[in-house]
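Report on the structure given below.
Labels below follow one simple rule: chain letters A, B, ... track the order of the sequence lines, proteins then strands, and each chain is numbered from 1.
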Number of protein chains: 2
Amino acid sequence: MTPTFHDRAESLVQRTGARVTRQRIEVLAILLSARRALTHHEVEDRANRSLGIDRVTVYRVLEWLTAHELAHKIAGEDRVWRFNAAGDEGGRSHAHAHFKCNDCGDVICLDEVRAARDIRLPSGYRSQAVELTVKGLCAECVPARKHS
Amino acid sequence: MTPTFHDRAESLVQRTGARVTRQRIEVLAILLSARRALTHHEVEDRANRSLGIDRVTVYRVLEWLTAHELAHKIAGEDRVWRFNAAGDEGGRSHAHAHFKCNDCGDVICLDEVRAARDIRLPSGYRSQAVELTVKGLCAECVPARKHS
DNA sequence: GGCCTTAATGCAACAGAGTTGCGTGCAAGC
DNA sequence: GCTTGCACGCAACTCTGTTGCATTAAGGCC
């Protein structure tokens with residue numbers, strides 16, 4: 001549906017060396033074209049409409065994309081995975097934060113923010129990753145009034 | 001089974017003004033006696049063994065405890081809620097961080113850490129809460145060797 | 001203490017998210 | 001074009017959590 005995203009997706013999938021399938025390209029293109037993190041359901045909806053891709057395949061492709069660092073998973077507090085295209089940067093790791101809108105549920109990445117590293121843990125504990133989620137209202141859900 | 005926790009739990013439940021039931025006391029006592037956040041499954045397991053409390057009742061009691069700020073919910077990335085006794089502090093709010101062990105899955109609260117407030121959001125966005133989760137290995141899961 | 005009201009519990013059935021097994025189809029190597 | 005095996009599609013399943021409804025029991029009232 002969106003040639004540019006489709007082409008970028010195809011190129012990214014090819015670069016992994018694994019099989020290049022319509023399903024992988026299409027799902028990745030859907031993620032690339034979204035400006036926010038999509039739930040499995042949202043991806044399935046679009047993938048199904050455009051290509052009739054199966055529920056399970058969408059799950060498997062999303063998992064595959066995550067494993068190959070073409071997408072990354074975000075755990076929302078509503079027990080639903082959300083997926084974002086990792087874009088061309090590849091392994092930009094999980095050093096960035098997320099913003100989750102409490103009203104519409106949208107999730108976006110806050111790339112500029114790197115979570116503080118100087119966190120004191122109990123003795124013996126070792127930190128591997130820091131996940132920072134800011135919750136609030138996105139621009140579209142903030143009521144018209146301007147004061148806090 | 002643990003009289004001290006049981007008594008504290010009973011007192012806390014009474015303080016809400018709502019009905020004081022065996023189930024509420026027992027579930028809260030289980031949370032109080034745990035040094036880490038428990039999943040519903042873990043709570044149910046213990047509650048069922050000691051009092052034969054029903055699955056659904058455990059869900060409802062946990063929800064009730066959360067609503068009355070006697071416990072608080074933590075969303076893990078494994079789609080499972082974890083519950084912590086809020087203790088006597090009551091409304092200490094959600095300004096604290098959590099630590100999640102990538103190996104055994106345990107979750108504990110890191111009370112000392114207050115999440116950074118100076119996070120730049122896209123224009124129009126409004127922050128309501130900040131959730132910070134440190135992931136890594138807890139003292140019991142860190143392998144014997146000492147270097148990073 | 002016994003009775004009454006109503007909230008809370010227990011049971012069963014359901015719902016949504018994600019997984020597994022297995023036969024079929026198709027991408028890619030020859 | 002033929003072959004091979006990975007990936008897909010379908011169905012059935014698991015797991016977490018929820019809802020409806022009849023039954024039980026907490027706590028007020030006499």
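Between A:Arg82 and A:Val107, the shortest heavy-atom distance links the atoms CD-CG2, 3.2 Å. Among all heavy-atom pairs drawn from A:Val43 and A:Val58, the shortest one is CG1-CG1, 3.8 Å. The shortest heavy-atom contact between B:Ser127 and A:Val134 is OG-CG1, 3.6 Å. Heavy-atom minimum distance, B:Ala29 versus B:Ala9: N-CB, 3.6 Å. When all heavy atoms of B:Val61 and B:Arg24 are compared, the closest pair comes out as CG1-CA, 3.9 Å. Taking every heavy atom of both residues into account, B:Leu32 and B:Ala85 meet most closely at CD2-CB, 3.6 Å.
A:Lys73 has its NZ atom 8 Å from the P atom of C:dG18, to the nearest Å. Spacing between atom CD of A:Glu44 and atom C1' of C:dG18 amounts to 11 Å, rounded to whole angstrom units. Counting to the nearest Å, the C1' atom of C:dG21 and the CG atom of A:Asp54 are 14 Å from each other. In this structure, B:Leu51 atom CG and C:dT9 atom P are separated by 12 Å, rounded to whole Å. For the pair A:Glu10 CD and C:dA27 C1', the interatomic distance rounds to 13 Å; values are reported in whole Å. When rounded to the nearest whole Å, the span between CZ of A:Phe83 and C1' of C:dA17 equals 11 Å. Atom-to-atom, CZ of B:Arg55 to P of C:dG10 comes out at 13 Å; the value is rounded to the nearest Å. Atom CD of A:Glu26 and atom C1' of C:dA27 are 18 Å apart (whole Å).
You'll find the side chain of A:Leu12 reaches within 4.5 Å of the side chain of A:Leu70, heavy atoms only. Side-chain contact between B:Leu38 and B:Asn84 is absent, with no heavy atoms from C-beta onward closer than 4.5 Å. For the pair A:Lys100/A:Asp106, no side-chain contact is recorded, criterion being any heavy-atom separation below 4.5 Å from C-beta on. By the 4.5 Å heavy-atom criterion applied to side chains, A:Arg49 and A:Asp45 are counted as neighbours.
In the helix from C:dG1-D:dC30 to C:dC30-D:dG1, the terminal helix axes, each the rotation mapping four pairs' C1' atoms onto the next four within five end pairs, subtend 30°, rounded to 10°.
Regarding contacts with the backbone of C:dC26, every side-chain N or O of A:Gln23 stays at 4.0 angstrom or more from both OP1 and OP2. Residue A:Trp81 has a polar side-chain atom (N or O) positioned under 4.0 Å from OP1 or OP2 of C:dG18.
At a threshold of 4.0 angstrom between heavy atoms, the contacts of B:Arg60 include nucleobase atoms, whether or not backbone atoms are also involved. Looking at heavy-atom distances under 4.0 Å, B:Val80 makes contact with sugar-phosphate atoms alone, never a base. Residue B:His41 is classed as having no contact, given no heavy-atom separation below 4.0 Å to the nucleic acid.
Comparing B:Val56 and B:Ala18, the nucleotide of DNA chain C nearest to each residue sits closer to the 5' end for B:Ala18. For B:Val20 and B:Glu63, each mapped to the nucleotide of DNA chain D holding its nearest heavy atom, the one lying further toward the 5' end belongs to B:Glu63.
If you look at A:His72 and A:Phe83, their ring centroids are not closer than 6.0 Å.
The side chain of B:Thr21 sits closest to C:dA8 out of C:dG10, C:dC22, C:dA8.
Under the 30°/60° scheme for interplanar angles, the aromatic rings of A:Phe99 and B:Tyr125 are found to stand perpendicular.
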List, with names and distances, any nitrogen or oxygen atoms from the protein found under 3.5 Å away from nitrogen or oxygen atoms belonging to nucleotides 23-25 of chain C.
none

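Of all nucleotides in DNA chain D, those with any atom nearer than 4.0 Å to a heavy atom of chain A start and finish, going 5' to 3', at D:dG5 to D:dG17.
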